[in-house]
Amino acid sequence: MNSENFKIIAVNSNNIQVEILDSTEFDDQFSLGSYIKIPYRNKNEQFAIGIIENYKIKNSESEDPQTAANQPTFVIDVKLVGNLDETSDDYKFERGVYGIPLPPQNGIALLTDDEIKKIYSSNLKEKEKFTFATISNNNSICVPVNGNKFFNKHFAIVGSTGSGKSHTVTKILQNAIQSKSGQYDGLNNSHIILFDIHGEYKTAFTNSNVIDINELVLPYWLLNSEELEELFLETEANDHNQRNVFKEAITNNKKSKFIGDKKEKDKIHYDSPLFFEIKEVIKYSKNRNNEKKQKDTNEVQWIDSKNNTIIFGNEDNDILFTELMKGLGTATGTLNGKLINFINRLESKINDKRLNFLLGEETRTATFSQCLKQFIGYTTDNSNITVIDLSGIPFEVLSITVSLISRILFEYGYYYKKMQKVESDCKTPLLLIYEEAHKYVPKSSLTKYRASKFAIEKIAKEGRKYGVTMGIISQRPSEISETIFSQCNNFIAMRLTNPDDQNYVKKLLPDTLGNLTDSLPTLKAGDALLIGESIILPSIVTIDRCNPEPSSADIDYFEIWKEKWFDVEFGDIITEWTK
Ligand SMILES: Nc1ncnc2c1ncn2[C@@H]1O[C@H](COP(=O)(O)OP(=O)(O)OP(=O)(O)O)[C@@H](O)[C@H]1O
Ligand SMILES: [Mg+2]
């Protein structure tokens, strides 16, 4: 269209208002997210680039009567995003603008498709390009991002239910595992761990390593002190007796099971990732609960079930672990009778079938290395993606499950780096995807979220350096810990209808493209605002369709309802339910 047809009517730092003088001359399409270019006064072929954030029809009464006839006149709000240099073949685009030429210059125009394509393609090296979307108002234009910058810092995908987050995650990961430099057979070297809270990704990654509650082996002895206490103690009760006995029993039991020299043994502490036998910890606690002492000497004494071992004091912890002892003496010991609730809790946990993945027999024989390998895809059939299906995990242990796995993966990155001769050498960068992240890293300070919050916040703050980054997916961004979000460098904001969430996202977006987020409630499923360090121009995009899809697609209610009455096999459902 005729470039003389645009007129700048207001400038306010990086926001400008442009009037379209005669919309009859307008033959190009423009919509939210379209780009315009404004020539700099004294710099040939250099332009300020802006993105249309908003438009309105001008109030014709107060304006020039000639344009008021029956043709609407538009005023568009434009956010300036960068500076384009068209002098060379490789259209150089930079973030930030030098200011707007005043008085406003003629020659303002919409960027053509070709120009947009050139900007995207010439500002990224071919090997860095990673593409999973097209411009939403022109699907013939692919929008590549810088693949290194996208994956080497954390990213977030937010949007209301049904906005297309799971499909977006799927598309991104499917493209990532298919990308190869050069020609070779077999897998590439991507390592992705997906925390799948609804069990919907199995169908999307057919060759992935899927671990559900029946296959998961997550030994309780790898839990750290916080996680152990969250699982076994009444954390809110703050009972020092329980905590002290528990800590003492675990530390001593780890030492007694340790095979190695004394110097190493002395270094063992409560948090050491070493085997201990939880059943012996229970025996120990029962013994301490029977504790009696001699009134005159204050000495604690026990006798074993065969009446032949008498121990004085606490010197011989090993014996306390193996035999059920009776307290002797003339007075009750300090702990006598005080540990009953605690022991009941321990016993009910180890008898809880649902916690077999954490406390069952297999967790005793599993090795640390097996446990680690299952999560990063080094299994019999190696795999780029490990889908951890959390759908069967009881809610009360969800936080420690996520925490333990996240922590193991972070520490893997940490120790692997420590071992490397060259500091920057990271052989297996990991990406951790947290679906429905508000469920385990909420703003809430409740103890039940403490473990997972702590572990994930640590990755948010330090993971990048050790090759452990994350993708945070959420339909309630305003409920997620701010520490997590503020560390994200790339955002895919999909349709968001809740005003709290919209405002929250608005504040967090790095490009201060505040008003663009006004379009968030109106986006179609699969459309998104793509913003961040990895993308050249902030863009409203349509995410490419994934194939195969996750099992999260909308249900065709009406069509299903119109079919003949369906006989449900209730027996099968009950079996599945109670298994
Ligand atoms: N790129 C796309 N183009 C068109 N439709 C899409 C696209 N991505 C997703 N959809 C459709 O949107 C619907 C919801 O997608 P999806 O399950 O990914 O949403 P979600 O944001 O993950 O929802 P929830 O928060 O409930 O998990 C699906 O039926 C899917 O087919
Ligand atoms: Mg989803």
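Position 1 is the first residue of the sequence, and the numbers go up from there. Ligands are counted one by one from 1 in listed order, and the atoms in each one are counted from 1 as well. Basis for what follows: all heavy atoms, side chains included, without hydrogens, waters or symmetry-related copies. From a predicted model like this one, the values you see are computed outputs, not experimental measurements.
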Pair F47 and Y35, ring centroids less than 6.0 Å apart
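Distance test on ring centres: not under 6.0 Å, no.
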
To the nearest 0.5 Å, atom OG of S539 lies from atom CD1 of I51 at 6.0 Å

In this structure, CG of D556 is separated from NZ of K562 (nearest 0.5 Å) by 10.0 Å

For the Mg ion (ligand 2), report each protein N, O or S atom nearer than 2.8 Å, sorted by chain and then by residue number.
S166 OG

Could you tell me whether [X] and [Y] have a side-chain N and a carboxylate O separated by less than 4.0 Å?
X: K439; Y: E435; result: no
X: K458; Y: E411; result: no
X: E230; Y: R450; result: no

Can you list the steps and then say if D500 with S478 is a side chain to side chain donor-acceptor pair (under 3.5 Å)?
CA-CA 7 Å; D500 287 346; S478 62; 5.3 Å; no

Could you pull out the closest heavy-atom pair between K180 and N188, with the gap in Å?
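Heavy-atom minimum between the residues: CG-CB, 4.3 Å.
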
Pocket residues of ligand 1, ordered first by chain and then by residue number (heavy-atom cut-off under 4.0 Å)
S160, T161, G162, S163, G164, K165, S166, H167, Q475, A525, G526, I543, R545, S552, A553, D554

Would you call the rings of F74 and Y55 parallel, tilted or perpendicular if under 30° counts as parallel and over 60° as perpendicular?
perpendicular

